[in-house]
Every structure is written in C-alpha cells, then in structure tokens.
Amino acid sequence: MSSMQPVTGSGELSSGGSAPGLTADHPGIDELFALLAYGEVAAFYRLTEEARMSPHLSGRISMARMAAAEMGHFELLRDALERRGVDVVPAMSRYASALENYHRLTTPSTWLEALVKTYVGDALAADFYLEIADVLPPEIAEVVRGVLAETGHSQFVVDEVRAAVAASEMQRSRLALWSRRLLGEAITQAQYVLADQDDLVDLVLASTGGLGQMAGFFERLQRTHADRMAELGLS
C-alpha cells in the first residue's frame with residue numbers, strides 16, 4: 001500500500017497492547033487483510049501507469065521499484081488470508097469500488113502531482129492502518145506492519161518536489177491545493193468503506209477506543225498530513 005515511510009500518532013493511541021477482547025479470530029481481521037490486499041494491487045497498477053509520466057528514466061525506475069514492492073506486499077496478505085481459510089480474490093473484490101473511486105477522483109495530471117500522491121496519499125492510508133495495528137494481536141500486527149514497511153525509495157520524491165516548489169511559487173500553490181484534495185478524498189473514501197462493512201468498522205472501533213475516539217483518530221491523520229506537506233515544502 002505504501003512505499004512511503006508512515007508518520008503515525010500511535011503513541012497517543014495506545015500503549016501497544018491489543019485492545020481488550022480483540023482476538024486473532026475477529027472477523028474484521030479478514031476484512032482488514034482483504035482491504036489491504038486490494039490496495040496493494042491497485043497501487044501496483046497505478047504506479048506502473050504513472051511511471052510513464054516521469055520526464056526522466058530515474059523516476060520511471062524508482063516508480064517501478066515501488067510497484068514491485070506492492071506486489072510483494074500483496075503476496076504476504078494473500079498468504080495470510082489463505083492461512084485463515086479465506087480466498088483473497090472474492091474477499092478483496094468487495095473493496096474495489098471505494099478504492100477505484102478514490103483513484104479516479106485523484107488521478108494526477110502531471111508528474112509532480114503523481115509524486116505528491118505517491119508520497120502523501122498512500123502514507124495517509126498507512127497511518128490509518130498502523131494506528132489500528134498498534135492494538136491488534138501481535139501475529140496480526142506483524143502482517144500489517146510488514147505490508148506497510150518502508151521500502152526505502154521515498155527520498156527521490158521529497159528531493160524532486162522540494163526542488164520544483166522552491167523554483168516556482170505557482171507550483172507550490174498548485175501542489176499544496178492538490179495535497180489538501182488528497183486528504184479530503186482519502187478521509188471520505190475511508191468513511192464510505194467503514195459504512196459498508198460492519199465487521200471492519202467493529203474492528204476499527206475496538207482498536208481506536210470506540211466511536212467517541214474517532215474524531216481524534218482523524219485529527220491525528222490530519223496532523224501527520226501537515227507534517228508531510230512541510231517535508232515537501234508545501235506548508
């Protein structure tokens with residue numbers, strides 16, 4: 001899902017133990033793995049398509065390496081679901097509509113927009129999943145963290161975007177607006193997904209401390225988003 005290094009607010013969420021009553025056989029875990037699996041497949045195709053937008057070979061190579069990492073993560077999730085007796089294809093197909101809608105609404109029109117989406121958009125999803133992972137049973141959290149692990153290819157995005165916005169105030173303004181749009185669409189689609197999947201929303205509520213804590217949960221996502229905008233020179 002994410003080739004970017006996630007910045008999480010996990011320290012504010014929990015002490016790192018699993019939530020009370022949250023066991024490895026919770027049905028929401030199958031849904032979480034399925035959602036992550038489709039995210040990996042969608043990211044693979046998106047990265048390979050957007051690599052063509054790069055004006056230089058090094059950018060295309062970097063995007064291709066990220067895409068390869070996404071498929072490795074998919075295989076990790078497929079294996080985890082198979083161990084749980086779940087067929088990955090029908091399971092993850094339930095999430096196709098929401099994730100494809102997000103990508104449709106955030107299709108980049110330039111290479112720089114593609115870079116910002118790769119860095120900021122995917123990392124927002126990683127923040128969401130990693131906050132949940134902090135209170136999952138250890139063997140489940142290990143799979144989630146393995147899927148969202150840093151692949152070491154993000155620095156080229158930071159360097160290229162920072163150079164572009166330093167050279168052009170117009171680019172900085174356009175990309176800052178684009179980054180805010182990515183945040184809004186990511187949160188909207190996350191809410192749609194949760195509204196449609198009872199087992200998944202039950203898992204999220206158990207992990208975040210209940211409905212009363214969800215506002216703080218999304219506020220933390222917004223704060224880490226602001227940190228990434230600053231890192232890219234877009235604040």
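Only heavy atoms go into these numbers, but all of them, side chains included; no hydrogens, no water, no symmetry mates. Keep in mind that what you see is a predicted model, and the values were worked out from it rather than measured.
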Original post:
Taking the side chain as C-beta and beyond, is there a heavy-atom pair between R60 and R52 under 4.5 Å?
Top reply: no
Subject >> G28 versus L200, closest heavy-atom pair with distance >> reply: O-CD1, 4.0 Å
Original post:
So which pairs with a foot in residues 104-115 pass salt bridge (Lys or Arg N to Asp or Glu O under 4.0 Å), sequence neighbours left out?
Top reply: E113-R174
Subject >> Nearest-0.5 Å distance, CD1 of residue I187 to NE2 of residue H225 >> reply: 8.5 Å
Original post:
Would M92 and F74 satisfy side chain to side chain contact (heavy atoms under 4.5 Å, CB included), going step by step from the backbone distance to the final call?
Top reply: CA-CA 11 Å; M92 71 180 188; F74 165 76; 3.9 Å; yes
**OP:** Mind checking the CG-CE spacing from L47 to M63? Nearest 0.5 Å is all I need.
**Re:** 5.5 Å
Subject >> Where S109 and M53 come nearest, the two heavy atoms and their spacing >> reply: C-CE, 3.6 Å
**OP:** Answer yes or no: is there an ion pair linking R228 with D127, defined by an N-O contact shorter than 4.0 Å?
**Re:** yes
Subject >> Sidechain-backbone polar pair: R78 side chain, V88 backbone, donor-acceptor under 3.5 Å >> reply: no
Original post:
Nearest 0.5 Å, what's the OG-CG distance between S54 and L115?
Top reply: 7.5 Å
**OP:** Compare all side-chain heavy atoms of I132 with those of V144 and state whether any distance is below 4.5 angstrom.
**Re:** no
Subject >> Joint cluster assignment, M66 & I61, ILVMFWY side-chain distance < 4.5 Å >> reply: no
Original post:
Which hydrophobic side chains are connected to M170, either touching it within the sub-4.5 Å cutoff or through other members that do?
Top reply: none
**OP:** Mind listing the closest non-hydrogen atom pair of Q189 and L105 along with its distance?
**Re:** NE2-CD1, 4.1 Å
Subject >> From CA spacing to verdict: side chain to side chain contact (heavy atoms under 4.5 Å, CB included), L234, V165 >> reply: CA-CA 8 Å; L234 299 177; V165 302; 3.6 Å; yes
Subject >> M229 CE to R172 CZ distance, which is reported to the nearest 0.5 Å >> reply: 8.0 Å
Original post:
Between atom CZ of R145 and atom CG of L136, what is the distance when rounded to the nearest 0.5 Å?
Top reply: 8.0 Å
Subject >> Cationic N near anionic O, under 4.0 Å, R46 to E70 >> reply: no
**OP:** Identify whether L81 and M71 are in the same connected component of the hydrophobic contact network (ILVMFWY, side-chain heavy atoms under 4.5 Å).
**Re:** yes
Subject >> V89-V86 co-clustered via ILVMFWY side chain contacts under 4.5 Å >> reply: yes
**OP:** Taking the side chain as every heavy atom from C-beta outward, state whether E31 and D202 have any pair of such atoms under 4.5 Å apart.
**Re:** no
**OP:** Is it possible for you to say whether L177 and L182 belong to one hydrophobic cluster, with membership spreading through side-chain heavy-atom contacts below 4.5 Å?
**Re:** no
**OP:** Considering non-hydrogen atoms only, spot the tightest contact between A42 and E100 and give its length.
**Re:** CB-OE2, 3.9 Å
Original post:
So which heavy atom on L148 is nearest to which on L36, and how close?
Top reply: CD2-CD2, 4.3 Å
Subject >> Check: F44 main-chain N/O paired with T48 side-chain donor or acceptor under 3.5 Å >> reply: yes
Original post:
Do side-chain atoms of K117 reach the backbone of P108 as a donor and acceptor pair under 3.5 angstrom?
Top reply: no
Subject >> Pairwise distance CG(L99) to CG(L35) - rounded to 0.5 angstrom >> reply: 5.5 Å
Original post:
Got a donor-acceptor contact below 3.5 angstrom from the H103 side chain to the A43 backbone?
Top reply: no
Original post:
Of the non-hydrogen atoms in P55 and W111, which two are nearest, and what is the gap between them?
Top reply: CD-CD1, 3.3 Å
Original post:
Step by step, would you call Y45 with E50 a side chain to side chain donor-acceptor pair (under 3.5 Å)?
Top reply: CA-CA 9 Å; Y45 285 109; E50 293 171 3; over 6 Å; no
**OP:** Would you sort out whether V120 and W178 count as a side chain to side chain contact (heavy atoms under 4.5 Å, CB included), showing the intermediate values?
**Re:** CA-CA 10 Å; V120 172; W178 172 245; over 6 Å; no
Original post:
Around E142, counting heavy atoms of other residues, nucleotides and ligands shown, do more than 12 lie under 6.0 Å from its CD?
Top reply: no
Subject >> Side chains of D30 and D199 in contact at under 4.5 Å (non-hydrogen atoms) >> reply: no
**OP:** Please report the C-alpha distance between F33 and I140 in whole Å, then the side-chain angles of each, then the deciding distance to 0.1 Å, and finally whether the side chain to side chain contact (heavy atoms under 4.5 Å, CB included) criterion is met.
**Re:** CA-CA 9 Å; F33 284 176; I140 304 302; 3.8 Å; yes
Subject >> Side-chain donor-acceptor contact under 3.5 Å, E160 with Y119 >> reply: no
Subject >> S168 (side chain) donor-acceptor with A164 (main chain) under 3.5 angstrom >> reply: no
